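In what follows, a structure is listed as structure tokens, so that the remarks can point back to it.
Values in this document were obtained by computation on a predicted structure and should not be read as measured data. Below, all heavy atoms of this structure are taken into account, side chains as well, without hydrogens, waters or symmetry copies.
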Amino acid sequence: MSRGVWGVDVRSLDTGEQLFELDADRLMMPASNMKILTVAGAAEILGWDYRFTTALETSAPIEGGILKGDLIVRGGGDPTINSRGGRVASVLSQWIGSIRAAGIQEIDGRIVGDDQLFDDEGLGQGWAWDYLQFGYAAPVGALQLYENLATLSVGPALFPGEPAQVALAAGSGLRLMNRVRTTAVGEANDINYRRRLDEPVLEVSGSIPIGTPTVSRAVAVVNPTLFFAQSLKNALVESGIRVSGPAVDMDDIAPELAAPPRERTVLASIESPPLRDVATVLMKVSQNLYAETLIKAVGAHRGGLGTYEGGLGAVRATIESWGIKRDAYVMADGSGLSRYNYVTARTVASILEHMHEDARHREPFEAALPIAGKDGSLSTRMRRTRAEGNAIAKTGSISNVRSLSGYVRTRDGETLVFSIIANDFVIPAATVNWITDLAVEHLANFTRR
């Protein structure tokens, strides 16, 4: 680590004593430790019981079992309509049941995605072009399905040298360019994909041997609203409800919206799990989309439209009201994916201390953090030490950055808060994690006796 830098702050929550600090006021890239600021600010602004709402609506009449117009799905930003816990299947089943209960057997119109609660800026400041195809960089939107990820499937052809069988789920907004070749048995199975900058094309390259099972990859969609609307249409058709029109994004039919708005009838409405549950997934597995969604939701809650500018501004105002200095952090997104983010270890430790001291926040916030050696992004770390099952902390990881911040009890039962951030290293990241874990183990072993 001689070429790298550390920022460290360790303090006792029982005595208020500063136990250790190393460049604690140095601004550093935090990676996913930025989620600590996001969740803390969102919990204060929205409350732990906040829920996202998604509704099926229409302004068209129902005649003879036919909806004579568009079915509109109005998004509230819910990021949890995904495969976790089988929620997609549950939601779609409920909606199809509600549509049938309304007497609708056929839709003579379009499936329209209403994403007007959030603006259309789906990517955070400073996100790099070369990872936009990956799941961790999925764009945020007011309508979100499967965490805005489409499935890419790659299977071998019948004979070596032939192009592989490549498919991408409908509604992704991407066209496929297949450069994958089928190879002989025993050769390399190597699938790569990248998103082009000049047009919405996903280039898939590499090789796959004959007889290899189909390979699946998650690809970030271009337009979450269109992906949601198309997936809903597919589900309706598969259930036997005919839909005559296409799936569309409301923004793409904007001229029609110039007409006087017609009152909508709500056919079905569902709510997400509460924020405390959303935050648990967000923090345990470091789910970027959930964090970016919270920023937009805070913006909508405060200003009527979910924007990065509004959401980040509201979170900044909140944490600064807790005594955090404006020059002690730079917040460019909610997840920490951007390399424009900067924060000091003292800032992170101070926010952790605030959340612990506030009775409204302590239990749900700390319950959301990964547990060393037990779950989430810490499930394999600090095992067989006094930190296992004891330390709870948020990890952070982007290129040349690692961070770990949270709480640990000493051998005496004293509660410590710590923030450890490493930047600018070129040694293996696993070594940096080992150094960091060793520091936390040292704190777990600390005794004043």
Side-chain angles (χ1 to χ4, degrees), residues 6-26 28 30 32-44 48 276 279-280 283-284 318-325 328-329 343-378 381-396 403-422 433 435-449:
W6 292 95
V8 185
D9 186 303
V10 182
R11 60 184 79 168
S12 171
L13 293 179
D14 293 349
T15 68
E17 180 183 0
Q18 187 80 40
L19 296 181
F20 181 82
E21 58 182 304
L22 173 65
D23 284 338
D25 292 311
R26 180 193 289 269
M28 303 179 69
S32 285
N33 268 208
M34 184 55 69
K35 293 181 174 75
I36 291 172
L37 282 67
T38 297
V39 170
E44 180 70 23
W48 291 105
R276 65 183 65 240
T280 297
M283 298 291 258
K284 294 280 190 186
T318 296
I319 64 175
E320 286 169 19
S321 73
W322 299 341
I324 302 300
K325 295 181 179 179
Y329 72 102
V343 69
T344 70
R346 195 179 311 281
T347 292
V348 177
S350 295
I351 292 174
L352 290 170
E353 181 174 7
H354 176 87
M355 298 302 281
H356 182 82
E357 297 300 326
D358 192 321
R360 298 171 302 149
H361 295 312
R362 179 188 296 183
E363 186 279 326
F365 181 79
E366 295 182 8
L369 293 172
I371 304 170
K374 298 295 183 182
D375 67 13
S377 54
L378 284 181
R381 294 171 60 175
M382 292 176 269
R383 287 180 173 174
R384 297 179 296 279
T385 73
R386 287 186 184 274
E388 181 178 1
N390 171 7
I392 54 173
K394 183 70 198 77
T395 55
S403 54
L404 187 68
S405 301
Y407 312 92
V408 64
R409 294 186 308 279
T410 70
R411 190 177 297 201
D412 301 334
E414 183 178 357
T415 301
L416 308 181
V417 62
F418 63 89
S419 179
I420 306 172
I421 306 173
N433 284 341
I435 297 169
T436 304
D437 291 354
L438 190 61
V440 177
E441 293 165 19
H442 187 73
L443 297 177
N445 281 300
F446 175 66
T447 177
R448 296 180 183 273
R449 297 174 186 170

Looking at Gly389 and Ile371, what are the two nearest heavy atoms and their distance?
CA-CG2, 3.7 Å
Closest non-hydrogen contact found for Leu404 with Ala393 is CD1-CB, 3.6 Å
List the atom of Ser377, the atom of Thr395, and the distance in Å for their closest heavy-atom pair.
OG-OG1, 2.8 Å
With a 4.5 Å cut-off on side-chain heavy atoms, are Ser403 and Lys394 touching?
no
Of Asn33, Ile36, Ile421, the residue whose pairing with Val343 passes side chain to side chain contact (heavy atoms under 4.5 Å, CB included):
Ile421
Can a salt bridge be assigned to the pair Arg448 and Asp412 using a cut-off of 4.0 Å between side-chain N and carboxylate O?
no
Closest non-hydrogen atoms of Ala387 and Ala372, given as atom of the first, atom of the second and distance, are O-CB, 3.4 Å
In terms of ring plane angle, is the pair Tyr407 and Phe365 parallel, tilted or perpendicular, where the classes change at 30° and 60°?
perpendicular
To check you understand the geometry: which heavy-atom pair defines the closest contact between His356 and Thr415, and what is its length?
CE1-CG2, 4.4 Å
Rounded distance [0.5 Å steps], CG in Leu378 versus CD in Glu388:
11.0 Å
Smallest heavy-atom separation, Thr347 atom then Ala328 atom, equals OG1-O, 3.0 Å
Salt-bridge criterion met for Arg360 and Glu44 (N-O under 4.0 Å):
yes
Reported CZ-to-CG distance for the pair Arg386 and Leu443, which is rounded to 0.5 angstrom:
13.5 Å
Among side-chain atoms of Ser12 and Glu414, is any donor-acceptor pair under 3.5 angstrom?
yes
Geometric class of the His361/Trp48 ring pair [parallel <30°, tilted 30-60°, perpendicular >60°]:
perpendicular
